[in-house]
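The structure under discussion appears below in the form of structure tokens.
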Amino acid sequence: MLRRYQWWVFGAFCLVTAGILFLRLWTMLPLYLDNDLRTRASVLIQATVAREGWLSSGVSLKQISSEGAVLLYTSHHRGRDLVQCYSLSFTTGQLSSCPQ
Amino acid sequence: MLLPLFYYRTIIFMSSVTLSRIGRILLVIFLEGIAVLLALYQGLSGVYTDEAKYLLNIPYPHPPLARSLFHAMEFLPQQELLVRIVLATLLIQAVWLVGSLARNLSIEKRVTLCGFWLFSGAVLFQAGTIMMAPLTALQGLLFVWLYFREENVSLGWIALMWLASLFTAYQAILYLPIVFVLIWRSPESFLKKVIAFCIPLLLVVLYVLTNPLAIASFTSAGGQNAALSLGTIAKQAFSSWLFAGSAVFSVVGTVAVFRSKKRELIGSFLLVALFLCVSFRAYYSILFLPLFVAGVIAHSETLKRESLFLALHILAAVYIFSVASLQFYENTARTVMRTVNQSSQEGVVLIAGGFGHQWQYESTSPIFRYRPALLSKAKAVVCLEECPGIDRYAFYQVSNLAQEVWIRQHIPYTTPQTSVRHR
């Protein structure tokens, strides 16, 4: 019984994992393809992290383009973590809350 | 001196009788008692930065499998203790797996190998820590167990275990030679073998590519060791290897690995040793243990004078325990945050200076790095270094704490109290 489903279970886990990872990779693709964008994004995100008092480990990238990035900041602590969404403009360096 | 003698006599007594069902149950309970004690000891000083990272599911550097499971228990007030006990239990009760591996050896050798596992420095000091290395070592032991099994194991399940191991911690890759042989000797088709071996590896590479923080962590860990001299690196790796099996098991296990002439075991051993040299952390020493067990199983002739080896091993373990700097006091983060959490004020906690994730774990409020501009949002400020500008806001300093801690006032301040100091 267990032997019969081994490949189905393995396949299902691989497909789900690959799906999630490819979606993330798709989001970050501009960073891998554009060296200039990668440098600008890195400098601006690090400056924002320092200015806002964030911890780098709480920052995740939701979306990125040549104009700017959508960042999620998670404050990890005991209890429900606070997750906030921000848009970061690469032209002005301004950080604003995501539209609801 | 009496303690190792007692243990040795107990083990020899156990070896002289066939364990009845009730005997086994009693032994399980006894081992569980040891596991709980070790977990309680590890919990005395609070959580360390890496432990906090896993408990809070902070997404670096390791993949999410184990840390998301730990985080799923966050709703429990005793999350930390529970995870410690579960991990300690897995590591201590793994001795049954060691016993099962040694089923074809004489009873004396079998008991000696079990004693080797239980009294290894790495097991004694890492049971109850919330780290990925003990979990990876257990997964390594499971691969070793499958490697020595006479019947064929379903390839799909091995592939799934390989995937789970890699998504628990990257260090599972150190057991790659064993996994390769395990997969390759399967009677399944060539294509299935390639899929079982390569797909989990490709997925973990994909995971690294999508996590810039993981890449940054690797670079940072490698960079820290690059600054050390070759002698220091060799000394660190050697002492870690020696500590892993309380010296005796380390020597016996390593000799057995090389005398077995099994390339997959030697390959894994060299990979672990090389990894320790490149990216040294004391807690990685436990990764040697499954290989020592595998070595003894593959070349049991190395265990000629088993009772002497076991007695020496227990003595070495007791010696390590006696010279180790045991910590019985809770860390600063726990003491400070207990006071800060009592404040009924709303707001974030600001920390000035470098700090680890344990501060986040102990806090019930979001933690930010100290910036004077954020003071208006803060309910408390912890100054691990100077906090410029704090005196312009209505905070009072808590006395009797090892760190400088400021808490926002509840009511407009009037007269100083004895327990607080004002700037």
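Here is how names work: the chains are called A, B, and so on, in the same order as the sequence lines, proteins then strands, and each is numbered from 1.
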Going by heavy atoms in the side chains, are Tyr207(B) and Thr17(A) under 4.5 Å from each other?
-> no
Nearest non-hydrogen partners of Ala196(B) and Trp7(A), listed with the distance | CB-CH2, 4.1 Å
Reported CG-to-CZ distance for the pair Leu203(B) and Phe13(A), which is rounded to 0.5 angstrom = 12.5 Å
How many angstroms lie between CD1 in Ile158(B) and CD in Gln6(A), if you round to the nearest 0.5 Å?
-> 9.0 Å
Distance-minimising heavy-atom pair for Leu374(B) and Gly53(A) = CD1-CA, 4.1 Å
Between NZ on residue Lys192(B) and CZ on residue Phe10(A), distance to nearest 0.5 Å | 11.5 Å
Applying a strict 4.5 Å limit to non-hydrogen atoms, the region of Tyr370(B) in contact with chain A is neither
Shortest non-hydrogen contact between Thr210(B) and Met28(A), atoms and distance | O-SD, 3.4 Å
Chain B contact residues among residues 66-82 of chain A, heavy-atom distance under 4.5 Å | Tyr73(A), Ser75(A), His76(A), His77(A), Arg78(A), Gly79(A), Asp81(A), Leu82(A)
Under 4.5 Å, heavy atom to heavy atom, which residues of residues 32-50 of chain A contact chain B?
-> Tyr32(A), Ala50(A)
Passing candidate, side chain to side chain contact (heavy atoms under 4.5 Å, CB included) with Cys14(A), options Leu163(B), Leu160(B), Ile195(B) | Leu163(B)
Roughly how far apart are Ile58(B) CD1 and Leu55(A) CG, rounded to 0.5 Å?
-> 8.0 Å
